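Not measured: the values here are computed from a predicted model. All ligand and atom numbering here is 1-based and tracks the order in the structure.
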Amino acid sequence: MRFEGAGRQQNFDIATVGPRNNETRPRWSAADGNKSAILAKLRKSTGMKPMITIRPARAGDADALPDIEQSAGLAFRAIPELAWLADGDNVSPQRHRELIAEGTCWIAVDDKDRPVGFLSAGIEGETLHIWEFDVRLNRQGSGIGRALLERAIKDARRRGLAAVTLTTFRDVAWNAPFYRKFGFHILEGAEIDERLASLLSGEAEHGMPAARRCAMRLELAKPDTR
Ligand SMILES: CC(C)(COP(=O)(O)OP(=O)(O)OC[C@H]1O[C@@H](n2cnc3c(N)ncnc32)[C@H](O)[C@@H]1OP(=O)(O)O)[C@@H](O)C(=O)NCCC(=O)NCCS
């Protein structure tokens, strides 16, 4: 997966991510003429997927997010005891609009600006808390989640926040083990503050298997002010 320079497009807040398996970028020569036809050919022959752009979500994106959550959740059908999660309720567009208004929701769109994933968070005290994080089932495993998470962490740093937190499954490959790769650690016992403890117990009340759930935290280095 590769980022191209933010600011390539008008909005400095936009970054693009290419397909992870495509290590070589197409090189265009003056004789290329019709670049999009060549790109289409290249995609067909290499299985290369279109470029994905990560940008802040807009209010108009909110209605598309529950459908992405629904699709993403189908991944849990692969785990028999958690398969029921695929049929759970989704976050409402209204709630998405609130988080979008806070400027803490980022969306991944394809080359036609169709949303394929999002990360929705909110600021809780000195932390950025990730509420919902989903990539369409048929786009999972291609680096989009990584790009969204990197974008959220970068934003939390820019805001001078102390940490990023979330709750997730300890033993699902695309949950805690994925966040660990970014430096998140699982909080145990007294490390779990009141806010996160209350989220975990709320989840348990809604039928989540408490022993498999955990709270995670990524400490953010404070900028050196000396
Ligand atoms: C979690 C999620 C948003 C990650 O998005 P993604 O686009 O699939 O993530 P990436 O392609 O960037 O993969 C990142 C890591 O996830 C893990 N991963 C993703 N899909 C996986 C799968 N099907 N099986 C095993 N590991 C997987 C890998 O560890 C991968 O790390 P790598 O890049 O070192 O191989 C996405 O898998 C998803 O929507 N899952 C269902 C909903 C969910 O669990 N959301 C998170 C709630 S806390």
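- If you take CD on E132 and CG on N90, they are separated by 7.5 Å, rounding to the nearest 0.5 Å.
- Polar contact with ligand 1: absent for G73 (N/O pair, distance under 3.5 Å).
- Both cation-pi conditions hold for R213 and F169: the charged atom is under 6.0 angstrom from the six-membered ring centre and inside a 45 degree cone around its axis.
- When R139, E150, R136, Q140 are ranked by how near their heavy atoms come to atom 36 (C) of ligand 1, first place goes to Q140.
- The distance criterion of under 3.5 Å between nitrogen or oxygen atoms is met by R146 with respect to ligand 1.
- Residue F178 has no nitrogen or oxygen atom sitting less than 3.5 Å from a nitrogen or oxygen atom of ligand 1, judged on distance alone.
- Using modelled atom types and a 3.5 Å distance limit, the side chains of T167 and E203 yield a donor-acceptor pair.
- Contact atoms of ligand 1 toward S142: 11 (O) (distance under 4.0 Å to a heavy atom of the residue).
- Looking at F76 against ligand 1, only its side chain comes within 4.0 Å, counting heavy atoms.
- The line from CD of E124 to CG of D193 is 10.0 Å long, rounded to the nearest 0.5 Å.
- Across the listed options A72, A78, G143, G143 owns the non-hydrogen atom lying nearest to atom 11 (O) of ligand 1.
- No more than 12 heavy atoms of other residues, nucleotides or ligands sit less than 6.0 Å from atom CD of E194.
- Look at R97 and D63 and you find a salt bridge, because one of the NZ, NE, NH1 or NH2 atoms lies within 4.0 Å of a carboxylate O, short of that distance.
- The residue F118 has no part lying near ligand 1, judged by heavy-atom distances below 4.0 Å.
- Considering every non-hydrogen atom in both P209 and W84, the closest pair reads CD-CZ2, 4.5 Å.
- Here R195 does not pair with E126 in a salt bridge; the nearest charged N to carboxylate O distance is not below 4.0 Å.
- Of the polar atoms of K181, at least one N or O is found under 3.5 Å from an N or O of ligand 1, judged by distance alone.
- At a 3.5 angstrom cut-off on N or O pairs, G141 counts as close to ligand 1.
- Contact atoms of ligand 1 toward A173: 25 (C), 26 (N) (distance under 4.0 Å to a heavy atom of the residue).
- At a threshold of 4.0 Å, the pair R58-D61 does not count as salt-bridged, since none of the basic side-chain nitrogens sits closer than that to a carboxylate oxygen.
- If you look at N175 next to ligand 1, the close heavy atoms, those under 4.0 Å, all belong to the side chain.
- The shortest N/O to N/O separation between T168 and ligand 1 does not fall below 3.5 Å.
- The option with the heavy atom closest to atom 22 (C) of ligand 1, from among W131, F169, W174, F182, is W174.
- In terms of polar-atom proximity, defined here as any N/O pair under 3.5 Å, F133 does make such a contact with ligand 1.
- Heavy atoms of L166 stay at 4.0 angstrom or farther from ligand 1.
- In terms of heavy-atom proximity, L99 sits nearest to A121 at CD2-O, 3.4 Å.
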